[in-house]
Amino acid sequence: MSGTHEKILIIGAGGQIGVELAESLSKIYGSSNVVASDIKESPALANNPFEKLDALDGKALFDVVKKHQITQVYHLAAMLSATGEQNPMFAWKLNMESLFHVLDLAKEKHIKQIYWPSSIAVFGPTTPTENTPQYTVMEPSTIYGISKQAGERWCEWYFKKFGVDVRSIRYPGLIGWKGAPGGGTTDYAVHIFYEALKNGTYECFLSENTTLPMMCMEDAIRATIELMHAPIDKINIRGSYNLAGLSFDPKQISDEIKKHIPNFKITYKPDFRQQIADSWPKSIDDREARQHWGWKEKYNLELLVSSMLSNLKTKV
Ligand code: AKB
């Protein structure tokens with residue numbers, strides 16, 4: 001699928017994943033072939049053509065696709081687990097209706113390929129928590145998780161019914177230094193670095209032993225692009241692929257930070273996000289992603305922490 005003839009649209013490009021994805025896709029396709037769109041402008045997207053776009057506006061989306069002769073859409077706009085619980089009806093509307101707009105564009109052959117992220121939030125309190133398999137009990141307990149689970153089923157349905165080439169990954173918590181996370185339960189694992197460098201302390205909204213699946217953003221972006229470039233016959237899952245990087249709890253990441261900043265102090269004050277985290281897996285079995293399209297992570301905790309600290313030092 002890779003090649004210079006592709007024209008890419010990223011929806012929700014100003015978010016944590018979008019800014020890094022725009023940069024990586026620009027390296028492959030050229031920045032003029034990667035159109036960034038979001039509801040508001042972002043200085044981080046200054047190198048790409050930009051369209052101000054509300055993902056709920058199907059007509060405006062269609063116009064942007066036609067204007068730029070888009071062939072692939074990376075649809076990242078969504079309300080995440082924590083903010084979704086504050087505004088459930090809007091989270092459902094945004095997460096579902098925007099997906100339908102994009103799926104319909106492919107169904108009607110205006111675009112050729114779609115990337116749409118799912119999440120570990122599709123799992124729930126009745127899912128086995130250790131090495132959570134691809135196929136298992138799924139009773140998500142957040143609106144975000146419910147919308148992602150429903151979205152997965154819709155993606156598979158559009159593939160089976162209309163041959164829509166839609167590909168997806170169930171992202172764990174993503175940790176990167178270029179874009180700010182927005183409203184997730186795993187956001188602590190990014191905030192902690194900023195606070196460690198600025199103040200030497202961090203009050204964590206999850207308890208010290210809350211283990212969650214996480215991933216370095218660089219690995220997540222690479223996985224996304226590898227999945228999109230994989231030959232079509234390798235993609236045997238059209239819902240969404242489990243993907244594992246590493247797993248840790250707040251104490252483990254703070255101990256690793258202390259190796260670089262010995263006086264760093266973490267305190268714990270769990271809030272409503274604790275219940276969300278408690279309903280999610282601790283680790284993920286991603287054998288299908290490994291077998292089907294050759295996924296392998298690069299970052300372990302040690303590498304992740306040293307890379308975050310060295311990159312953020314100049315930024316903070
Ligand atoms: C969140 O915490 O809501 C997200 C996710 C795991 O999908 N980072």
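Both backbone and side-chain heavy atoms feed into the values below; hydrogens, waters and symmetry mates do not. We count ligands from 1, going down the list as the structure has it; atoms in each ligand are counted the same way.
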Just which atoms of ligand 1 are under 4.0 Å from any heavy atom in [X]?
{"X": "L80", "answer": "3 (O)"}
{"X": "S81", "answer": "1 (C), 2 (O), 3 (O)"}
{"X": "T185", "answer": "1 (C), 2 (O), 3 (O)"}
{"X": "W280", "answer": "1 (C), 2 (O), 3 (O), 6 (C)"}

Does atom [atom1] of [X] have more than 12 heavy-atom neighbours, drawn from other residues, nucleotides or ligands, at distances under 6.0 Å?
{"X": "E152", "atom1": "CD", "answer": "yes"}
{"X": "E203", "atom1": "CD", "answer": "yes"}
{"X": "K251", "atom1": "NZ", "answer": "no"}

H75-S98 side chain donor-acceptor pair, cut-off 3.5 Å: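 Yes - a donor-acceptor pair under 3.5 Å links their side chains.
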What part of A121 sits under 4.0 Å from ligand 1 if we count only heavy atoms: the side chain, the backbone, both or neither?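 It is neither part, as no heavy atom is under 4.0 Å.
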What is the closest protein heavy atom to atom 8 (N) of ligand 1, and at what distance does it sit?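 The closest one turns out to be T186 OG1, 2.9 Å.
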To which protein heavy atom is atom 5 (C) of ligand 1 closest, and what is the distance rounded to 0.1 Å?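 That would be S119 OG, 3.5 Å.
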Would the F100 and W154 ring centres measure less than 6.0 Å apart? yes
Rounded to the nearest 0.5 Å, what's the gap from CG on N199 to OH on Y194? Could you check? 13.5 Å
